[in-house]
Trainee: 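Take this structure first; my questions come after.
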Amino acid sequence: MAVTNSPALAILSYCVSSILMTVTNKLVLSSYDFKMNFLLLAIQSFLCVATLETFAGLGLVSHRKLQRHEAKQWFIVSFSLVTMIYTGSKALQYLSIPVFTIFKNLTIILIAFAERRLLHGAAVTQLMMVSFALMVVSSIIAGWADIAAGKTMKKNPRQVGFIVAYGWMALNCITTAMYALLMKAKIRQVNFKEFDTVYYNNLLAIPILLVATISMEGAEARRTYDKYFATTSDSNDFRGLVWGIVISGIASFGISYSTAWCMRVTSSTTYSMVGALNKLPIAVAGMVFFSDPVTFGGVAGVIIAFVAGLLYNHAKTKQRGLQPVSDTPLSELPVPVGTRISYKEVPAE
(Lines give C-alpha, C1' and ligand atoms only; values in the text may rest on other atoms or scores of the structure.)
Protein backbone atom coordinates (compact mmCIF):
# COMPACT_ATOMS: atom_id res chain seq x y z
CA MET A 1 0.00 0.00 0.00
CA ALA A 2 1.38 3.39 -0.99
CA VAL A 3 2.18 5.84 1.79
CA THR A 4 -0.47 8.26 0.54
CA ASN A 5 -3.13 5.53 0.84
CA SER A 6 -2.17 4.42 4.36
CA PRO A 7 -5.04 4.96 6.85
CA ALA A 8 -2.67 4.54 9.82
CA LEU A 9 -0.31 7.29 8.63
CA ALA A 10 -3.22 9.57 7.75
CA ILE A 11 -4.76 9.15 11.21
CA LEU A 12 -1.38 9.70 12.90
CA SER A 13 -0.81 12.82 10.81
CA TYR A 14 -4.25 14.16 11.73
CA CYS A 15 -3.74 13.48 15.44
CA VAL A 16 -0.31 15.13 15.58
CA SER A 17 -1.36 18.21 13.60
CA SER A 18 -4.59 18.57 15.60
CA ILE A 19 -2.74 18.41 18.90
CA LEU A 20 -0.11 20.90 17.70
CA MET A 21 -2.85 23.26 16.53
CA THR A 22 -4.69 23.04 19.84
CA VAL A 23 -1.55 23.57 21.90
CA THR A 24 -0.51 26.52 19.69
CA ASN A 25 -3.84 28.22 20.23
CA LYS A 26 -3.81 27.45 23.96
CA LEU A 27 -0.26 28.67 24.56
CA VAL A 28 -0.20 31.67 22.23
CA LEU A 29 -3.66 33.02 21.45
CA SER A 30 -5.48 32.50 24.75
CA SER A 31 -2.89 34.72 26.45
CA TYR A 32 -4.16 37.74 24.49
CA ASP A 33 -7.91 37.23 25.05
CA PHE A 34 -8.55 37.35 21.29
CA LYS A 35 -12.17 36.37 20.66
CA MET A 36 -12.74 37.22 16.99
CA ASN A 37 -13.06 33.59 15.96
CA PHE A 38 -14.24 34.16 12.39
CA LEU A 39 -11.50 36.71 11.69
CA LEU A 40 -8.91 34.33 13.11
CA LEU A 41 -10.19 31.53 10.89
CA ALA A 42 -10.19 33.83 7.85
CA ILE A 43 -6.55 34.77 8.51
CA GLN A 44 -5.65 31.12 9.05
CA SER A 45 -7.32 30.18 5.74
CA PHE A 46 -5.46 32.97 3.94
CA LEU A 47 -2.12 31.92 5.41
CA CYS A 48 -2.88 28.30 4.57
CA VAL A 49 -3.45 29.22 0.91
CA ALA A 50 -0.35 31.46 0.95
CA THR A 51 1.75 28.61 2.35
CA LEU A 52 0.41 26.22 -0.30
CA GLU A 53 1.13 28.71 -3.10
CA THR A 54 4.65 29.24 -1.76
CA PHE A 55 5.33 25.50 -1.86
CA ALA A 56 3.78 25.30 -5.33
CA GLY A 57 5.97 28.19 -6.54
CA LEU A 58 9.05 26.33 -5.30
CA GLY A 59 7.94 23.25 -7.21
CA LEU A 60 7.45 21.16 -4.07
CA VAL A 61 3.72 20.50 -4.54
CA SER A 62 1.02 21.06 -7.14
CA HIS A 63 -2.73 21.60 -7.10
CA ARG A 64 -5.56 22.24 -9.50
CA LYS A 65 -6.16 25.79 -10.64
CA LEU A 66 -9.41 27.42 -9.56
CA GLN A 67 -12.24 26.34 -11.83
CA ARG A 68 -15.71 27.84 -11.56
CA HIS A 69 -17.60 24.57 -11.92
CA GLU A 70 -15.44 22.88 -9.29
CA ALA A 71 -15.75 25.89 -6.98
CA LYS A 72 -19.55 25.64 -7.24
CA GLN A 73 -19.40 21.97 -6.30
CA TRP A 74 -17.05 22.54 -3.34
CA PHE A 75 -18.67 25.72 -1.99
CA ILE A 76 -21.22 23.74 0.03
CA VAL A 77 -18.37 22.04 1.93
CA SER A 78 -16.75 25.35 2.88
CA PHE A 79 -20.14 26.79 3.83
CA SER A 80 -20.97 23.77 6.01
CA LEU A 81 -17.62 24.21 7.79
CA VAL A 82 -18.48 27.81 8.69
CA THR A 83 -22.01 26.90 9.84
CA MET A 84 -20.56 24.10 11.98
CA ILE A 85 -18.18 26.57 13.65
CA TYR A 86 -20.91 29.18 14.15
CA THR A 87 -23.50 26.81 15.63
CA GLY A 88 -20.81 25.35 17.88
CA SER A 89 -19.87 28.77 19.20
CA LYS A 90 -23.55 29.59 19.83
CA ALA A 91 -24.13 26.30 21.66
CA LEU A 92 -21.08 26.95 23.86
CA GLN A 93 -22.52 30.33 24.80
CA TYR A 94 -25.37 28.59 26.59
CA LEU A 95 -24.22 25.05 27.46
CA SER A 96 -21.36 23.86 29.63
CA ILE A 97 -18.39 22.14 27.99
CA PRO A 98 -19.22 18.68 29.49
CA VAL A 99 -22.74 18.77 28.01
CA PHE A 100 -21.38 20.05 24.70
CA THR A 101 -18.86 17.18 24.60
CA ILE A 102 -21.54 14.57 25.28
CA PHE A 103 -23.59 15.75 22.30
CA LYS A 104 -20.50 15.92 20.07
CA ASN A 105 -19.77 12.28 20.90
CA LEU A 106 -23.39 11.38 20.16
CA THR A 107 -22.89 12.98 16.75
CA ILE A 108 -20.44 10.19 15.89
CA ILE A 109 -23.36 7.75 15.97
CA LEU A 110 -25.38 10.04 13.69
CA ILE A 111 -22.49 10.21 11.23
CA ALA A 112 -21.97 6.42 11.28
CA PHE A 113 -25.57 5.62 10.33
CA ALA A 114 -25.85 8.53 7.88
CA GLU A 115 -22.66 7.42 6.13
CA ARG A 116 -24.01 3.88 5.85
CA ARG A 117 -27.35 5.11 4.52
CA LEU A 118 -26.27 7.98 2.25
CA LEU A 119 -22.73 7.09 1.15
CA HIS A 120 -23.12 3.28 1.18
CA GLY A 121 -20.40 3.04 3.80
CA ALA A 122 -19.49 0.11 6.01
CA ALA A 123 -22.09 -1.49 8.25
CA VAL A 124 -22.27 -0.34 11.87
CA THR A 125 -21.42 -3.45 13.87
CA GLN A 126 -22.29 -4.23 17.48
CA LEU A 127 -18.68 -3.70 18.54
CA MET A 128 -18.72 -0.25 16.96
CA MET A 129 -21.91 0.64 18.78
CA VAL A 130 -20.32 -0.46 22.06
CA SER A 131 -17.29 1.75 21.35
CA PHE A 132 -19.56 4.70 20.52
CA ALA A 133 -21.52 4.13 23.73
CA LEU A 134 -18.27 4.04 25.73
CA MET A 135 -17.24 7.38 24.22
CA VAL A 136 -20.51 8.92 25.37
CA VAL A 137 -20.19 7.31 28.82
CA SER A 138 -16.62 8.63 29.13
CA SER A 139 -17.76 12.19 28.49
CA ILE A 140 -20.63 11.82 30.98
CA ILE A 141 -18.28 10.53 33.70
CA ALA A 142 -15.68 13.22 32.97
CA GLY A 143 -18.30 15.96 33.33
CA TRP A 144 -20.45 14.31 36.01
CA ALA A 145 -19.44 16.76 38.73
CA ASP A 146 -20.85 19.67 36.73
CA ILE A 147 -23.88 17.71 35.54
CA ALA A 148 -24.77 16.51 39.05
CA ALA A 149 -24.44 20.05 40.35
CA GLY A 150 -26.89 21.28 37.73
CA LYS A 151 -24.22 23.25 35.87
CA THR A 152 -25.42 22.22 32.43
CA MET A 153 -26.04 25.76 31.24
CA LYS A 154 -23.81 28.80 31.46
CA LYS A 155 -26.74 31.18 31.75
CA ASN A 156 -29.95 31.09 33.72
CA PRO A 157 -32.46 28.92 31.82
CA ARG A 158 -35.08 31.60 32.44
CA GLN A 159 -32.95 34.08 30.50
CA VAL A 160 -32.23 31.82 27.56
CA GLY A 161 -34.60 28.87 27.52
CA PHE A 162 -33.80 25.21 27.01
CA ILE A 163 -35.22 25.27 23.49
CA VAL A 164 -32.76 27.94 22.38
CA ALA A 165 -29.74 26.36 24.09
CA TYR A 166 -30.36 22.81 22.99
CA GLY A 167 -31.67 24.00 19.63
CA TRP A 168 -28.24 25.44 18.83
CA MET A 169 -26.68 22.20 20.06
CA ALA A 170 -28.91 20.14 17.78
CA LEU A 171 -28.03 22.37 14.84
CA ASN A 172 -24.34 21.93 15.61
CA CYS A 173 -24.71 18.15 15.63
CA ILE A 174 -26.48 18.28 12.26
CA THR A 175 -23.98 20.67 10.66
CA THR A 176 -21.03 18.66 12.02
CA ALA A 177 -22.42 15.53 10.39
CA MET A 178 -23.13 17.47 7.19
CA TYR A 179 -19.56 18.73 7.00
CA ALA A 180 -18.02 15.27 7.48
CA LEU A 181 -20.36 13.59 5.01
CA LEU A 182 -20.28 16.33 2.38
CA MET A 183 -16.50 16.50 2.42
CA LYS A 184 -16.23 12.74 1.97
CA ALA A 185 -18.79 12.72 -0.84
CA LYS A 186 -17.25 15.68 -2.69
CA ILE A 187 -13.73 14.27 -2.49
CA ARG A 188 -15.07 11.16 -4.23
CA GLN A 189 -17.16 13.12 -6.71
CA VAL A 190 -14.57 15.70 -7.80
CA ASN A 191 -11.61 13.31 -7.36
CA PHE A 192 -9.52 15.90 -5.54
CA LYS A 193 -5.98 15.29 -4.40
CA GLU A 194 -5.01 16.39 -0.89
CA PHE A 195 -3.57 19.72 -1.98
CA ASP A 196 -6.60 20.39 -4.19
CA THR A 197 -8.79 19.94 -1.12
CA VAL A 198 -6.60 22.26 0.96
CA TYR A 199 -6.68 24.91 -1.77
CA TYR A 200 -10.41 24.92 -2.48
CA ASN A 201 -11.53 24.44 1.12
CA ASN A 202 -9.51 27.39 2.44
CA LEU A 203 -9.86 29.72 -0.55
CA LEU A 204 -13.65 29.42 -0.68
CA ALA A 205 -13.93 29.76 3.11
CA ILE A 206 -12.19 33.17 3.18
CA PRO A 207 -15.09 35.30 1.78
CA ILE A 208 -17.63 33.43 3.91
CA LEU A 209 -15.57 33.99 7.06
CA LEU A 210 -15.03 37.68 6.25
CA VAL A 211 -18.78 38.19 5.81
CA ALA A 212 -19.35 36.43 9.14
CA THR A 213 -16.71 38.66 10.78
CA ILE A 214 -18.27 41.87 9.49
CA SER A 215 -21.82 40.87 10.35
CA MET A 216 -21.29 39.20 13.75
CA GLU A 217 -18.04 40.39 15.31
CA GLY A 218 -18.40 44.17 15.20
CA ALA A 219 -18.60 44.61 18.97
CA GLU A 220 -15.58 42.39 19.56
CA ALA A 221 -13.65 44.26 16.85
CA ARG A 222 -14.26 47.55 18.68
CA ARG A 223 -13.13 46.01 21.96
CA THR A 224 -9.96 44.69 20.33
CA TYR A 225 -9.27 48.07 18.72
CA ASP A 226 -9.73 49.89 22.03
CA LYS A 227 -7.47 47.41 23.76
CA TYR A 228 -4.52 47.72 21.38
CA PHE A 229 -4.88 51.10 19.66
CA ALA A 230 -7.11 53.46 21.65
CA THR A 231 -5.12 53.00 24.86
CA THR A 232 -1.47 53.13 25.81
CA SER A 233 -1.12 49.36 25.72
CA ASP A 234 2.27 47.75 25.42
CA SER A 235 3.17 47.42 21.72
CA ASN A 236 4.81 44.11 22.57
CA ASP A 237 1.37 42.70 23.35
CA PHE A 238 0.13 43.54 19.86
CA ARG A 239 3.25 42.13 18.21
CA GLY A 240 2.85 38.98 20.28
CA LEU A 241 -0.77 38.67 19.16
CA VAL A 242 0.19 39.10 15.50
CA TRP A 243 2.96 36.52 15.72
CA GLY A 244 0.60 34.15 17.52
CA ILE A 245 -1.96 34.44 14.71
CA VAL A 246 0.74 33.93 12.06
CA ILE A 247 2.08 30.82 13.80
CA SER A 248 -1.42 29.38 14.19
CA GLY A 249 -2.14 30.18 10.53
CA ILE A 250 0.91 28.26 9.34
CA ALA A 251 0.01 25.40 11.69
CA SER A 252 -3.47 25.34 10.14
CA PHE A 253 -1.88 24.10 6.90
CA GLY A 254 -0.99 20.86 8.68
CA ILE A 255 -4.46 20.30 10.09
CA SER A 256 -6.08 21.17 6.76
CA TYR A 257 -3.89 18.73 4.83
CA SER A 258 -4.15 15.90 7.35
CA THR A 259 -7.94 16.32 7.55
CA ALA A 260 -8.27 15.92 3.79
CA TRP A 261 -5.87 12.97 3.77
CA CYS A 262 -7.65 11.27 6.64
CA MET A 263 -11.06 11.77 5.03
CA ARG A 264 -9.93 10.31 1.70
CA VAL A 265 -8.36 7.10 2.97
CA THR A 266 -10.76 6.34 5.82
CA SER A 267 -14.40 7.17 6.51
CA SER A 268 -16.39 10.05 7.90
CA THR A 269 -17.13 7.89 10.95
CA THR A 270 -13.49 7.02 11.56
CA TYR A 271 -12.51 10.66 11.08
CA SER A 272 -15.07 11.78 13.66
CA MET A 273 -14.01 9.04 16.10
CA VAL A 274 -10.34 10.04 15.76
CA GLY A 275 -11.33 13.67 16.27
CA ALA A 276 -12.90 12.73 19.60
CA LEU A 277 -10.05 10.45 20.66
CA ASN A 278 -7.24 12.90 19.88
CA LYS A 279 -8.51 15.04 22.75
CA LEU A 280 -7.23 12.39 25.17
CA PRO A 281 -3.52 13.30 24.94
CA ILE A 282 -4.51 16.97 25.22
CA ALA A 283 -6.50 16.21 28.38
CA VAL A 284 -3.57 14.26 29.84
CA ALA A 285 -1.14 17.04 28.91
CA GLY A 286 -3.43 19.54 30.61
CA MET A 287 -3.35 17.53 33.84
CA VAL A 288 0.42 17.03 33.70
CA PHE A 289 1.75 20.29 32.27
CA PHE A 290 -0.99 22.96 32.56
CA SER A 291 -2.19 22.44 36.13
CA ASP A 292 -5.66 21.31 35.08
CA PRO A 293 -7.47 19.69 38.03
CA VAL A 294 -6.89 15.94 38.32
CA THR A 295 -10.22 14.39 39.34
CA PHE A 296 -11.49 10.84 39.51
CA GLY A 297 -14.06 11.60 36.82
CA GLY A 298 -11.47 13.15 34.54
CA VAL A 299 -9.05 10.25 34.84
CA ALA A 300 -11.82 7.64 34.52
CA GLY A 301 -13.20 9.43 31.45
CA VAL A 302 -9.79 9.35 29.75
CA ILE A 303 -9.34 5.63 30.50
CA ILE A 304 -12.82 4.69 29.24
CA ALA A 305 -12.38 6.76 26.08
CA PHE A 306 -9.04 5.05 25.48
CA VAL A 307 -10.74 1.65 25.80
CA ALA A 308 -13.42 2.84 23.37
CA GLY A 309 -10.71 3.74 20.85
CA LEU A 310 -9.09 0.31 21.16
CA LEU A 311 -12.47 -1.38 20.75
CA TYR A 312 -13.30 0.68 17.66
CA ASN A 313 -9.93 -0.17 16.12
CA HIS A 314 -10.56 -3.87 16.82
CA ALA A 315 -14.03 -3.62 15.27
CA LYS A 316 -12.63 -2.00 12.10
CA THR A 317 -9.81 -4.55 11.87
CA LYS A 318 -12.29 -7.39 12.24
CA GLN A 319 -14.59 -5.82 9.64
CA ARG A 320 -11.75 -5.40 7.12
CA GLY A 321 -10.80 -9.03 7.63
CA LEU A 322 -14.28 -10.07 6.46
CA GLN A 323 -14.15 -7.92 3.30
CA PRO A 324 -13.19 -9.57 -0.03
CA VAL A 325 -9.73 -8.73 -1.34
CA SER A 326 -9.81 -5.84 -3.81
CA ASP A 327 -7.18 -3.93 -5.72
CA THR A 328 -9.16 -0.76 -5.18
CA PRO A 329 -7.66 1.57 -2.53
CA LEU A 330 -9.78 1.91 0.57
CA SER A 331 -11.15 5.41 0.98
CA GLU A 332 -12.76 6.60 4.19
CA LEU A 333 -11.64 9.83 5.96
CA PRO A 334 -11.35 13.57 5.07
CA VAL A 335 -7.83 14.30 3.80
CA PRO A 336 -5.93 16.89 1.77
CA VAL A 337 -5.42 14.95 -1.42
CA GLY A 338 -1.93 14.25 -2.73
CA THR A 339 -2.39 11.57 -5.36
CA ARG A 340 -5.15 11.28 -7.92
CA ILE A 341 -6.91 7.96 -7.67
CA SER A 342 -10.11 6.52 -9.05
CA TYR A 343 -12.87 6.11 -6.48
CA LYS A 344 -14.90 3.04 -7.28
CA GLU A 345 -17.77 2.06 -5.05
CA VAL A 346 -16.15 0.04 -2.28
CA PRO A 347 -17.18 -0.54 1.31
CA ALA A 348 -16.10 2.38 3.44
CA GLU A 349 -13.56 1.57 6.13
Side-chain angles (χ1 to χ4, degrees), residues 1-21 48 52 61-64 73-74 77 81 108 111-112 114-116 118-125 128 131 176-177 179-202 252-278 309-310 312-349:
M1 178 181 290
V3 171
T4 54
N5 290 329
S6 170
L9 288 178
I11 291 172
L12 178 62
S13 172
Y14 174 69
C15 290
V16 172
S17 59
S18 178
I19 292 170
L20 286 176
M21 187 71 180
C48 192
L52 178 61
V61 302
S62 63
H63 64 80
R64 297 187 191 184
Q73 287 181 300
W74 195 262
V77 178
L81 171 62
I108 299 174
I111 292 172
E115 183 172 37
R116 173 64 174 169
L118 302 177
L119 301 183
H120 309 290
V124 181
T125 65
M128 291 181 190
S131 70
T176 298
Y179 173 67
L181 296 170
L182 281 171
M183 190 175 196
K184 179 65 179 180
K186 291 299 180 181
I187 286 176
R188 285 181 176 179
Q189 179 182 344
V190 187
N191 196 22
F192 270 178
K193 300 178 182 179
E194 278 79 1
F195 292 115
D196 302 329
T197 303
V198 174
Y199 180 66
Y200 273 84
N201 213 26
N202 286 280
S252 70
F253 178 82
I255 189 68
S256 184
Y257 178 85
S258 59
T259 294
W261 185 15
C262 192
M263 188 66 78
R264 177 175 63 86
V265 299
T266 61
S267 64
S268 299
T269 305
T270 302
Y271 168 74
S272 302
M273 190 69 173
V274 172
L277 289 171
N278 70 9
L310 293 177
Y312 181 78
N313 180 68
H314 174 69
K316 294 302 293 183
T317 301
K318 184 177 180 180
Q319 188 177 60
R320 283 194 296 268
L322 297 176
Q323 290 177 350
V325 178
S326 172
D327 59 357
T328 305
L330 292 174
S331 92
E332 277 201 36
L333 288 186
V335 200
V337 190
T339 312
R340 186 176 307 232
I341 62 174
S342 174
Y343 285 99
K344 298 178 183 177
E345 196 61 51
V346 296
E349 198 171 309

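In what follows, every heavy atom counts, from backbone to side chain, and hydrogens, waters and symmetry copies are set aside. Index from 1, following the sequence.
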Trainee: Are the side chains of Arg64 and Val190 in contact, using a 4.5 Å heavy-atom criterion?
Mentor: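 They are in contact (side-chain heavy atoms under 4.5 Å apart), so the answer is yes.
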
Trainee: Got a donor-acceptor contact below 3.5 angstrom from the Ser256 side chain to the Phe253 backbone?
Mentor: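 Checked: no pair found.
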
Trainee: Side chains of Ile187 and Met183, heavy atoms from C-beta outward: is any pair under 4.5 Å?
Mentor: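 Yes, side chains in contact.
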
Trainee: Hey, are the side chains of Thr270 and Tyr312 touching, using non-hydrogen atoms and a 4.5 Å cut-off?
Mentor: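 Side chain of Thr270 against side chain of Tyr312, heavy atoms only: contact under 4.5 Å found.
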
Trainee: Just so I know, are the side chains of Trp74 and Phe192 near enough to count as touching, which here means a heavy-atom distance under 4.5 Å?
Mentor: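 Trp74 vs Phe192: side chains touch.
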
Trainee: Flag the pair Thr125 / Met128 as yes when at least one side-chain heavy-atom distance between them is below 4.5 Å, and no otherwise.
Mentor: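 The answer is yes, as the side chains (C-beta and beyond) meet within the 4.5 Å cut-off.
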
Trainee: Nearest 0.5 angstrom please: His63 NE2 to Asp196 CG, how far?
Mentor: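 His63 NE2 to Asp196 CG: 8.0 Å, rounded to 0.5 Å.
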
Trainee: State whether the side chain of Ser258 and the backbone N or O of Gly254 hold a donor-acceptor pair below 3.5 Å, judged by distance alone.
Mentor: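 Yes.
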
Trainee: Check whether any side-chain heavy atom of Ile255 lies under 4.5 Å from a side-chain heavy atom of Tyr14, and answer yes or no.
Mentor: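 In short, these two side chains touch, coming nearer than 4.5 Å.
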
Trainee: So, the side chain of Asn202 versus the backbone of Cys48: is there a donor-acceptor pair under 3.5 Å, distance only?
Mentor: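 Not at all, since once roles are kept as given, no pair shorter than 3.5 Å links the two residues.
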
Trainee: Is a side-chain donor or acceptor of Gln319 paired with a backbone partner of Ala123 at a separation under 3.5 angstrom?
Mentor: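 At least one qualifying donor-acceptor pair exists.
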
Trainee: Please round to the nearest 0.5 Å and tell me the distance separating atom CG of Asn201 and atom NZ of Lys186.
Mentor: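 Interatomic distance, Asn201 CG to Lys186 NZ, rounded to 0.5 Å: 12.5 Å.
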
Trainee: Say you draw a straight line from CG of Leu81 to CG of Leu182; how long is it, rounded to the nearest 0.5 Å?
Mentor: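 If I round to the nearest 0.5 Å, the distance is 11.5 Å.
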
Trainee: Answer yes or no: is there a donor N or O on one side and an acceptor on the other, between the side chain of Ser272 and the main chain of Ser268, under 3.5 Å?
Mentor: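 Such a contact is found between Ser272 side chain and Ser268 backbone.
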
Trainee: Supply the atom-to-atom distance Ser131 OG to Met273 CE, rounded to the nearest 0.5 angstrom.
Mentor: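 Output value for this atom pair is 4.0 Å.
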
Trainee: Quick check against the 3.5 Å criterion: does Glu115 have a side-chain atom that pairs as donor or acceptor with the backbone of Thr269?
Mentor: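 Present.
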
